[in-house]
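For clarity, every value in this text was computed on a predicted model and none was experimentally measured. All chains are named by letter (A, B, ...) in the order of the sequence lines, taking the proteins before the strands, and each is independently numbered beginning at 1.
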Amino acid sequence: MSIKIEHVSYSYGQGTAYEKKALDDISLEIPQGQFVGIIGHTGSGKSTLIQHLNGLMRASSGKIYFHGEDIYREGYDMRALRSKVGLVFQYPEHQLFEVDVFSDVCFGPRNLGLPPEEVEARAREALDQVGLGEPYYKKSPFELSGGQKRRAAIAGILAMHPEVLILDEPTAGLDPRGRDEILDQVAALQKERGMTVLLVSHSMEDVARYVERIVVMDDGRIRFDGTPKKVFAHYRELEEIGLGAPQTVYVLRGLAEKGFPVNTEATTVEEARDAILEALGRRNVC
Amino acid sequence: MGFIKGRKLVYEYKKYNEEGGIESVNRAVDGVDLDVERGDFIAILGHNGSGKSTLAKHINALLVPSGGTLYVNGKDTAKEENIWDVRQTAGMVFQNPDNQIIGTVVEEDVGFGPENMGVPTEEIWERVEESLKSVGMWKYRKASPNRLSGGQKQRVAIAGVVAMHPKCIVLDEPTAMLDPVGRKEVIRAVRALNMVEDVTVLLITHYMEEVIYADKVLVMDGGKVVMQGTPCEIFSQVEKLKGYRLDVPQVTLLAHELKKSGLPLEDGILTAEELVEALCQLRSNM
């Protein structure tokens, strides 16, 4: 078990007139190696939740366990936790600050107190994982495109060798290819390294395509938690809370309403194609 | 003469060295011819760095051409004396609503633009009312902008532009930071302005689904316009778009996949309803 959250609540401005409950009795378990999508409208508590997972924010009440250890226990090594749970904020490229890409990626591991050879080896490896080769090492972050900057920022986190990678809307503002490149690389890391990945996203299509489990946040609570197929079956309720479902779900539901004998579970393009072909094929047999 | 008319438009970003000499030149817009009529809804697609934002900034003279000409409402944007006329003709809305809102109360924020133009007080309030109503934000007129959701803030930003009575609005990725419902709200507001108020719209976006309502779509690559046509014509060319790092709406992709699998569907299906309709017809003919 990698992360366990028990009855966590958090209020902003506690004790003031502006007190607002951002998390309301959240309980959640995330096993090692899972690829989890977190969706919810703006202000639903997603970002607050993920900042609890590496100890950046402290719950008003409740407990959080990392590998079975209570992170609020006295003497718990928060520093170690932060290097194991890597958090990539929205627009992480705003946090690039070094003179060149390579130095920027070295910053994290150097801060861990690693020897210089190890620091450089990790930076090379991390840049390789995000697809930025040697020619980019000495470039100023300002010379990179939006997608490249973002990949450099993600490499900075990967160089810390996190066990858990949390990404807050990593594809906002990227063109479709840039979006696919980043998500494909994240998916590969999750598969090859067994890394746990939490992806916060506003794109229902992306979530449906990549993750194995979706947690839906609304008003500081978990509204749904399950496989994409199960969660998107609640598309009407999702619309009510500012979300929706991938377009394919609407196509299949529309077909079913017109009496088309189609399996409406599919959430990706490939699944939907197969479901429709199967429905038409079955008709041929009759 | 068209409302917006560009001929062989060129823009070069120049990088200077410490002595003030030119170190490198990056041609971001490269020989673009642009023709937009009053009341058009134009969508501009292109990958990060393809030149779309640079082109957009020319429409209200934030940038002036390095070569070629651009006329907006009959005025040459390169002429210093036209700059205020041009800016009053074309308003801009950017990606991040937080960077565009300056007032502490919604109605004050919207009134800022007309006030700056020297509109009489009474008329300012009329304009505030009509523009907030046009984006569906009238009931929030007394609210503080920082209490609004992203989609609401972005609509306030649009109202702020509308209050200046522009003939044209240029929106540069206005929905990139919004959740699905926020995105819908903004696009709905933009379409209403276009259809009801006859405001000319230029929309830059990475969300292919937002483009399907446009009269015309331009695709940019390497500073040039490489494709143009109706959404249906553009999205019929799935493979070509992918080559430009772009994508098609998920429904269009599903239809394309079904066609590849042998179903006799037409190219360029854009909405879930169209696809459902086409499949039902197919089934009844089988």
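- The nearest pair of heavy atoms linking A:A272 to B:L254 is CB-CD1, 3.8 Å.
- Under a cut-off of 6.0 angstrom, the local environment of CD in B:E266 is sparse, with at most 12 non-hydrogen atoms contributed by other residues, nucleotides or ligands.
- Only the side chain of A:R179 comes within less than 4.5 Å of a heavy atom of chain B; its backbone N, CA, C and O stay farther away.
- For B:E277, the part lying under 4.5 angstrom from a heavy atom of chain A is the side chain only.
- Residue B:K216 qualifies as enclosed at atom NZ: its count of foreign heavy atoms under 6.0 Å is above 12.
- Here CZ of A:F260 is found 7.5 Å from CG of B:L282. Values are rounded to the nearest 0.5 Å.
- Counting heavy atoms of neighbouring residues, nucleotides and ligands inside a 6.0 Å radius, atom CZ of A:F224 exceeds 12 of them.
- Although no hydrogens or angles enter the test, the distance criterion places a donor-acceptor pair under 3.5 Å between the side chain of B:D179 and the main chain of A:T42.
- Counting non-hydrogen atoms of other residues, nucleotides and ligands closer than 6.0 Å to CZ of B:R141 gives a total above 12.
- B:L263 touches chain A through its side chain: at least one heavy atom from C-beta onward sits under 4.5 Å away, while N, CA, C and O do not.
- Contact record, A:G242 with B:P180: O-CD, 3.8 Å, taken as the closest heavy-atom pair.
- If you tally non-hydrogen atom pairs under 4.5 Å between each of A:I241, A:D180, A:T248 and chain B, the highest count goes to A:T248.
- There is no contact between A:I39 and chain B, counting heavy-atom distances below 4.5 Å.
- Side-chain atoms of A:D175 do not come within 3.5 Å of backbone N or O of B:Y244 as any donor-acceptor pair.
- What you find for A:L255 and B:C280 is that their closest heavy atoms are CD2-SG, 4.3 Å.
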Show your reasoning for whether side-chain contact (heavy atoms from CB on, under 4.5 Å) applies to A:L174 and B:H206.
-> CA-CA 7 Å; A:L174 293 189; B:H206 285 316; 5.8 Å; no
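- Top candidate by heavy-atom pairs under 4.5 Å with chain A, chosen from B:L279, B:T205, B:L241, is B:L279.
- Residues A:L280 and B:R283 share a closest heavy-atom pair of CD2-CB, 4.2 Å.
- Counting heavy-atom pairs under 4.5 Å between each of B:G151, B:G182, B:S261 and chain A puts B:S261 at the top.
- Counting only distance, with no hydrogens or angles, the side chain of B:E257 and the backbone of A:R273 share no donor-acceptor pair below 3.5 Å.
- Remark: the backbone N or O of B:K242 is paired with a side-chain donor or acceptor of A:R177 at under 3.5 angstrom.
- For the residue pair B:A176 and A:A172, the shortest heavy atom distance occurs at O-CB, 3.8 Å.
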A:L243 vs B:V181, side-chain contact (heavy atoms from CB on, under 4.5 Å): CA-CA, chis, key distance, verdict | CA-CA 6 Å; A:L243 301 169; B:V181 166; over 6 Å; no
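- Residue A:F97 qualifies as enclosed at atom CZ: its count of foreign heavy atoms under 6.0 Å is above 12.
- For the set B:Q250, B:H47, B:E209, the entry with the most heavy-atom pairs within less than 4.5 Å of chain A is B:Q250.
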Could you go through the side-chain contact (heavy atoms from CB on, under 4.5 Å) check for A:H202 and B:M177 one step at a time?
-> CA-CA 9 Å; A:H202 279 326; B:M177 303 181 77; over 6 Å; no
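- Within 6.0 Å of CG in B:D30 there are more than 12 heavy atoms belonging to other residues, nucleotides or ligands.
- When heavy atoms are compared at a cutoff of 4.5 Å, A:E181 approaches chain B solely by way of its side chain, counted from C-beta outward.
- Salt bridge A:E239/B:K184: absent, no basic N to carboxylate O contact under 4.0 Å.
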